[in-house]
Amino acid sequence: MSSPTPDALLGPADIRELAAALGVRPTKQRGQNFVIDANTVRRIVRTAEVRPDDVVVEVGPGLGSLTLALLEAADRVTAVEIDDVLAGALPATVAARMPARADRFALVHSDAMHVTDLPGPAPTALVANLPYNVAVPVLLHMLATFPTIERTLVMVQSEVADRLAAAPGSKVYGVPSVKANWYAEVKRAGAIGRNVFWPAPNVDSGLVSLVRRTEPIRTTASKAEVFAVVDAAFAQRRKTLRAALAGWAGSAATAEAALVAAGVSPQARGEALTVEEFARIAEHKQQGESGK
């Protein structure tokens, strides 16, 4: 692997210069906040434990700050960018600043929520500064669509990071926590200050690490069936599961029967349950229906 030049990464002046040349003004609509600090992107790559044999997919590369740092460390990087101007400019930025690695870079000009395949070898890692407004759906879509992604590190709004990494019983434990845990072991992996972004957001950011489960959750229920229970349980957080799952099960009595069979108290609330318990509830609804 050839060494990149010492000034290959983008600094604050480079970012502003690039943006000005492209006529780019970060938009709130797309949650665009560009990282302008080379130390921060190196820290993200280090925290993500990117290896020389990794094929990394990056969502929302923007002007290329993190992309260049990933290219320093990984075998290949594929960036998924929805913005027409940014997508058009990124390959030239990579070629200019890291010419020896340009053939290791690929760009997919698309909405990440619609991406179902990627060019080149299958991705082994996902590393991204995710737009705040779509962070959770994009993360879950990528984990579902690309089972070869073993390790993920995403930078998201601090509050979203807390939700993703929350454990049962926490006030912020909810749908994102359970669904992320279906795929991976999830934990907070650090905090990021506001001053490393342009423009500086009015919220703090956090890093979340997700390491894919080597053994999937053991259940006869499908992911869709389990996720339907999760959605129903948290749609009315204040209600007991007997009441919250009544619509999902067909009646409160049927919900209670599935809960009791799954070993879960009908008086419990969704925020107390693990992903495995949600899976058991889904299984027992199946069994109740097959016994009709």
Could you pull out the closest heavy-atom pair between [X] and [Y], with the gap in Å?
| X | Y | value |
| --- | --- | --- |
| Val35 | Ile15 | O-CD1, 3.8 Å |
| Leu68 | Val94 | CD2-CA, 4.2 Å |
| Ala249 | Lys285 | CA-CE, 4.1 Å |

Between [X] (side chain) and [Y] (backbone), is there a donor-acceptor pair under 3.5 Å?
| X | Y | result |
| --- | --- | --- |
| Glu81 | Gly62 | yes |
| Arg163 | Ser177 | no |
| Thr148 | Pro123 | yes |
| Arg213 | Asn181 | yes |
| Ser158 | Gly206 | no |

message = If the threshold is 4.0 Å, N to carboxylate O, is there a salt bridge linking Lys171 and Asp162?
response =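 Not counted as a salt bridge, because no side-chain N and carboxylate O are separated by less than 4.0 Å.
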Check ion pair Glu276-Arg280 (N to O, under 4.0 angstrom) =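 Between Arg280 and Glu276 there is no salt bridge, as every charged N stays at least 4.0 Å from the carboxylate O atoms.
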ask   = Relative to the ring of Phe278, is the ring of Phe234 parallel (under 30°), tilted (30 to 60°) or perpendicular (over 60°)?
value =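 Aromatic pair Phe234/Phe278 classed tilted.
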inquiry  = Once you measure the plane-to-plane angle for Trp198 and Phe34, does it fall in the parallel (<30°), tilted (30-60°) or perpendicular (>60°) bin?
reply    =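 Aromatic pair Trp198/Phe34 classed tilted.
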Contact check, side chains of [X] and [Y], non-hydrogen atoms, under 4.5 Å:
| X | Y | value |
| --- | --- | --- |
| Ile44 | Val127 | yes |
| Leu9 | Arg42 | yes |
| Leu66 | Val45 | yes |
| Phe146 | Leu126 | no |

message = Tell me whether Lys223 forms a cation-pi arrangement with Trp182, defined as NZ or CZ under 6.0 Å from the six-membered ring centre and within 45 degrees of its axis.
response =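 No.
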